[in-house]
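See below for the structure under consideration.
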Amino acid sequence: MSMHGTLFNIISRNVSTSTMCNQIIKLTRLRVVDNSEIGKQAMMEGKPPRCIHVYNKTGIGYIGDRVLVAIKGEKKKGILVGLKQRQNPKVPKYDSNNVVLIDDNGAPLGTRIHVPIPHILRTIMQKNTHSKGADYTRLLAIATKFV
């Protein structure tokens, strides 16, 4: 009997019982989808950026939220443009967590976005753009495809 119990303990240690976390929280790996130089280098080296902070009250990132990412030893800001987590109806679900890097005034660091962007992002960005704050409309201007 003890042999069977020991074997079961060894096998059960390798099985994870926690649920998969599909949310954007601290230390989540992201994929840079624009053609910024720092983003291309990090993705080529196999060291994708990690989320350090989500700029909202809940601390969980959704489409259109600003995040602070650590990329190649630097801190950069970005906007989430595609998520793995479950979405509202008519919002596409992606295979990876996509981010577009921006500077402090909201201008994107790259000149092109390589993946299709959800159409709802247009209304979210227009709501977030204020006359005194950052201008996120340039992010929509460099997007080539909308879903």
* Asked: Looking only at heavy atoms, which two atoms of F146 and H119 are closest? And how far apart?
  -> CD2-CA, 4.3 Å

* Audit row: V33, V99, side chain to side chain contact (heavy atoms under 4.5 Å, CB included) steps and yes/no -> CA-CA 6 Å; V33 294; V99 68; over 6 Å; no

* Asked: Are side-chain heavy atoms of I142 and P108 found at a separation under 4.5 Å?
  -> yes

* Asked: Hey, are the side chains of L80 and N97 touching, using non-hydrogen atoms and a 4.5 Å cut-off?
  -> no

* So how far is it from I113 CD1 to T144 OG1, rounded to the nearest 0.5 Å? -> 7.5 Å

* Asked: Are D104 and K77 close enough for a salt bridge, meaning some N to O gap below 4.0 Å?
  -> yes

* Are the side chains of K84 and D95 in touch, meaning some heavy atoms are under 4.5 Å apart? -> no

* Structure fact -> CG of L121 to CD1 of I79, rounded to nearest 0.5 Å, is 7.5 Å

* To do: Could you state whether L68 and I71 fall into the same hydrophobic cluster, counting links through intermediate Ile, Leu, Val, Met, Phe, Trp or Tyr residues with side-chain heavy atoms under 4.5 angstrom apart?
  => no

* **Stepwise side chain to side chain contact (heavy atoms under 4.5 Å, CB included) test for K76 and L109** => CA-CA 10 Å; K76 297 283 183 186; L109 295 180; 4.2 Å; yes

* Compare every heavy atom of A143 with every heavy atom of I117, then report the nearest pair and how far apart it is. => CG1-CB, 3.8 Å

* **Verdict with reasoning, I25 to V54, per side chain to side chain contact (heavy atoms under 4.5 Å, CB included)** => CA-CA 7 Å; I25 55 174; V54 179; over 6 Å; no

* What is the minimum heavy-atom distance between R31 and V115, and which atoms define it? -> NH2-CG1, 3.3 Å

* Asked: Between I60 and D65, is any pair of side-chain heavy atoms under 4.5 Å apart?
  -> no

* What is the minimum heavy-atom distance between V32 and M43, and which atoms define it? -> N-SD, 4.0 Å

* Asked: If every non-hydrogen atom of G82 is compared with every non-hydrogen atom of Y94, which pair is closest and at what distance?
  -> CA-CD1, 3.5 Å

* Asked: More than 12 foreign heavy atoms under 6.0 Å from CD1 of I120: is that the case here?
  -> no

* **Pairs where residues 35-44 contributes a residue and the test side chain to side chain donor-acceptor pair (under 3.5 Å) is met, not counting sequence neighbours** => D34-S36, N35-T111

* To do: May I ask you to test the V69-L30 pair for a side-chain heavy-atom distance under 4.5 Å?
  => yes

* To do: With sequence neighbours left out, write down each residue that passes ring-ring contact (aromatic ring centres under 6.0 Å, His included) with H114, or none if nothing qualifies.
  => none

Can you give me every donor-acceptor pair (side chain of residues 44-52, partner residue at least two apart or in another chain, under 3.5 Å) with its distance?
residue, atom, partner, partner atom, Å
E45, OE1, K72, NZ, 3.3
E45, OE2, K72, NZ, 3.0
R50, NH1, L27, O, 2.9

* Quick one: ring pair (Phe, Tyr, Trp, His ring centres under 6.0 Å) pairs with a partner in residues 54-87, sequence neighbours left out? -> H53-Y55

